[in-house]
Amino acid sequence: MLRQWSVQASGEPEPEPAGEELWEQEMERLCSSQEPVRVLPYAMVDKRFIRQLREPEGVKTSCWQQWRRRQQTAGRRLGEAARRLARGCGLWEGALYEIGGLFGTGIQSYFTFLRFLLLLNLLTLLLTTSFVLLPLTWLRPPDRGPALNFTLQCPGGHQPQTGVPKFNNLLWNVLTGRAFNNTYLFYGAYRAGPESSSIYSIRLAYLLSPLACLLLCFCGILRQMVKGLPQKMFLGQDYRSPLSAKVFSSWDFCIQGQEAATIKKHEISNEFKVELEEGRHLLMVQHQTRAQRACHLLTYLRVNILIGLLVVGAISAIFWATKYSQDNKEESLFLLLQYLPPGVIALVNFLGPLLFVFLVQLENYPPNTEVNLTLIWCVVLKLASLGMFSFSLGQTLLCFGRNKTSCESYGYNACDYQCWENSVGVELYKLSIFNFLLTVAFTFLVSLPRRLLVERFSGRFWAWLDREEFLLPKNVLDIVEGQTVTWMGLFYCPLLPLLNSIFVFLTFYIKKYTLLRNSRASPRPFRASSTIFFFQLVLILGLLLAAVPLGYVVSSIRSSWDCGLFTNYSAPWQVVPELVALRLPPPSQRILHYLGSHAFSFPLLILLSLVLTVCVSQSQASARAIRGLRKQLVWQVQEKWHLVDDLSRLISEPGSGDSLGPESPHSRDTPIKGGGSS
């Protein structure tokens with residue numbers, strides 16, 4: 001206890017003057033400190049004594065302050081209980097703990113990433129259901145009226161397609177999306193009356209819901225990116241966490257079961273593997289000569305050039321496959337051509353990461369550098385493939401770079417596509433379905449037979465084949481591609497997040513089965529902070545890839561003339577000025593017009609510049625404060641050693657001269673790397 005602190009370690013009842021001085025200094029520090037009492041490392045009796053010392057003399061705590069303090073304590077305890085309950089009832093907590101213990105935090109971060117994507121999809125579905133589907137069901141949209149009397153000037157008397165397939169099979173129609181053409185799954189089934197006759201604007205809700213979902217997903221991803229930033233970005237590149245801290249403080253002494261103990265041992269072992277591998281590579285880099293560095297740079301350039309050529313070839317294959325599929329819809333092979341673009345994209349995304357990993361593994365890169373380089377090229381491949389797929393669809397449906405009579409008159413290829421939004425939604429629906437079916441087929445038709453054959457037969461070939469390695473870049477590519485396709489289809493296929501939520505939920509168990517049963521542990525351990533940051537970076541790039549075409553379509557592309565909510569508008573965004581003119585008073589209209597004019601851009605630019613200047617200044621001040629705290633931490637460690645020396649001298653004076661206390665090392669005056677630890 002604090003009040004017994006001045007008693008000497010030798011058992012003498014009378015306090016020494018040095019002990020009294022230390023006691024008074026500690027009391028002054030505790031009384032003047034603003035640190036909350038609950039975080040102090042003292043017993044409850046001492047904390048009550050410190051709280052009494054901090055209260056002003058002659059001032060009695062009022063009943064209101066006591067009641068408020070009790071309420072704060074009760075609220076804090078309730079919040080802590082709620083957080084513990086949320087962690088206990090969290091989705092897949094037990095499975096994530098098992099995966100992290102057996103395969104490391106890098107592989108565990110992939111499954112945590114799956115849970116994060118599931119929450120994003122459910123949030124998106126909740127917004128769409130609340131603001132679009134429920135009001136639409138409550139307001140009862142009008143029945144489809146007679147078709148608009150448009151005379152399309154198509155070459156050769158060609159009429160627009162009605163969307164009814166010649167091949168009528170229920171399963172095939174479900175897989176291609178044609179069974180849901182007249183449902184709320186696609187854009188064409190949504191209808192609403194004139195804006196002047198309705199209190200709630202379905203058109204505005206349908207238009208703003210995808211934009212709001214993308215904005216919320218962007219904020220959520222950005223928050224996860226900040227949480228997953230590597231610690232070395234803040235601690236410096238030369239920071240090395242002491243292994244002694246991991247050796248003496250990694251074990252959880254609350255563990256009682258044998259299974260939990262085994263998992264914890266694997267987890268500690270994986271952490272040591274990551275630390276030792278990074279330390280080994282750091283020593284290799286420090287001892288490299290100039291010739292070795294030049295050779296390493298040339299090898300790095302060669303690998304990247306080869307991977308770049310592979311990416312260009314993959315983009316070309318996707319472009320020609322999509323173009324051929326759309327230009328040959330009336331041939332007898334049309335049923336096979338339905339899944340030609342998704343098949344080529346899946347083949348590219350399957351072979352691409354394997355080739356990337358093979359080329360990168362030829363060099364002696366560290367684990368994190370290897371996975372980061374492979375992930376970067378997988379991101380390029382994914383973005384390029386989906387971007388080329390979108391451009392090819394736009395060239396076919398919206399006549400980008402093509403001259404057609406219907407495109408000049410209606411803004412899209414009205415002769416071949418009566419409802420081009422539904423056509424885009426169907427293509428994205430097929431791509432999402434195909435990706436999930438490919439995951440299921442690869443797990444049970446490739447990974448499972450491979451594992452059974454390796455376990456059944458013995459020999460040099462089967463030992464070389466072995467179980468498959470759980471490739472982190474490839475799996476991240478697959479799941480991010482599916483999420484990007486979902487974001488791209490928010491406007492054309494509003495219920496696609498529901499479908500993707502089911503796929504992500506099932507993918508978790510499929511990948512868990514593959515990891516635990518069909519895969520072998522990766523010989524290259526990954527650090528969780530690096531992998532989480534790259535996962536979120538890939539995801540935010542996919543979000544931008546989905547947002548840019550959606551913004552262009554909403555603001556500039558003519559809607560279909562015979563389906564959907566925006567048949568009478570030159571672009572979907574035109575509903576916003578119409579509602580502003582109908583619902584808002586003239587002063588509010590003038591304010592909105594000013595906010596959207598060029599005159600507002602200049603003060604907005606000045607304001608953003610000021611905010612950016614403040615943020616940069618605050619960041620620099622924080623960096624200076626961190627450097628000062630590091631120096632202060634080193635000084636405090638040295639000061640503690642001096643106090644230990646003084647205490648040792650005081651204890652050894654009455655005795656025979658043998659020192660009973662610890663002695664500081666001769667290196668106590670040298671700075672401690674990485675901040676040190678007391």
Here the gap from Thr507 atom OG1 to Phe505 atom CZ, rounded to the nearest 0.5 Å, amounts to 11.0 Å
| query | Is a side-chain donor or acceptor of Asn422 paired with a backbone partner of Gly188 at a separation under 3.5 angstrom? | reply | yes
Evaluate the side-chain contact (heavy atoms from CB on, under 4.5 Å) criterion for residues Phe389 and Glu427: first the C-alpha distance (whole Å), next the side-chain angles of each, then the deciding distance (0.1 Å), finally the verdict. CA-CA 10 Å; Phe389 178 69; Glu427 293 296 331; 4.0 Å; yes
When rounded to the nearest 0.5 Å, the distance separating OG of Ser447 from CZ of Arg517 is 14.0 Å
- Donor-acceptor pair, Tyr184 side chain versus Cys493 backbone, under 3.5 Å? no
**OP:** Would you please indicate if the ring centroids of Trp92 and Phe111 are separated by under 6.0 Å?
**Re:** no
Exercise for review: Go through the side-chain N and O atoms of Asn518 and Arg451 and say whether any donor and acceptor fall under 3.5 Å apart.
Suggested key: yes
Smallest heavy-atom separation, Tyr187 atom then Pro494 atom, equals N-CD, 4.4 Å
Should we say atom CZ of Phe218 is surrounded by more than 12 heavy atoms from elsewhere, each under 6.0 Å from it? no
Note: Val174 and Tyr429 closest approach over all heavy atoms is O-OH, 2.7 Å
Check: Tyr492 ring centroid to Phe186 ring centroid under 6.0 Å: no
Practice prompt. For the pair Leu117 and Leu539, evaluate side-chain contact (heavy atoms from CB on, under 4.5 Å) and give the outcome as yes or no after the intermediate values.
Written response: CA-CA 10 Å; Leu117 290 183; Leu539 195 60; 3.5 Å; yes
| message | With side-chain contact (heavy atoms from CB on, under 4.5 Å) as the criterion, how do Ile479 and Lys511 come out once you've worked through the C-alpha distance, each side chain's angles and the decisive distance to 0.1 Å? | response | CA-CA 11 Å; Ile479 194 65; Lys511 292 298 181 181; over 6 Å; no
Rounding to 0.5 Å, atoms CG (Leu515) and CZ (Arg520) come to a distance of 12.5 Å
- [ ] Could you check whether the rings of Tyr110 and Phe470 sit parallel, tilted or perpendicular, using 30° and 60° as the cut-offs?
- [x] perpendicular
Tightest non-hydrogen contact, residues Thr183 and Ala189, listed as O-CB, 2.9 Å
Side chain Ser519, main chain Thr514, donor-acceptor under 3.5 Å
yes
Shortest non-hydrogen pair, Val132 vs Ser209, comes out as CG2-OG, 3.5 Å
On a heavy-atom basis, the closest approach of Thr486 and Asn121 is CG2-OD1, 3.7 Å
Value for CD1 (Ile221) from CG (Leu544), rounded to nearest 0.5 Å, stands at 9.0 Å
Between Arg450 and Glu455 (salt bridge meaning N to carboxylate O under 4.0 Å), is one present in this structure? no
Indicate yes or no for a side-chain donor-acceptor contact from Gln108 to the backbone of Ile99 under 3.5 Å, with no hydrogens or angles considered. no
Practice prompt. Would you check, one step at a time, whether the test side-chain contact (heavy atoms from CB on, under 4.5 Å) holds for Leu175 with Phe434?
Written response: CA-CA 8 Å; Leu175 293 178; Phe434 190 82; over 6 Å; no
query: Are Leu438 and Asp478 close enough that some pair of their side-chain heavy atoms sits under 4.5 Å apart?
result: no
Here the gap from Leu381 atom CG to Ile315 atom CD1, rounded to the nearest 0.5 Å, amounts to 7.5 Å
**Asked** For Asn500 and Gln483, does a side-chain donor sit closer than 3.5 Å to a side-chain acceptor?
**Response** yes
Shortest non-hydrogen pair, Ser501 vs Leu118, comes out as O-CD1, 3.5 Å
Taken in chain and number order and not counting sequence neighbours, the residues that satisfy ring-ring contact (aromatic ring centres under 6.0 Å, His included) with Phe131 are none
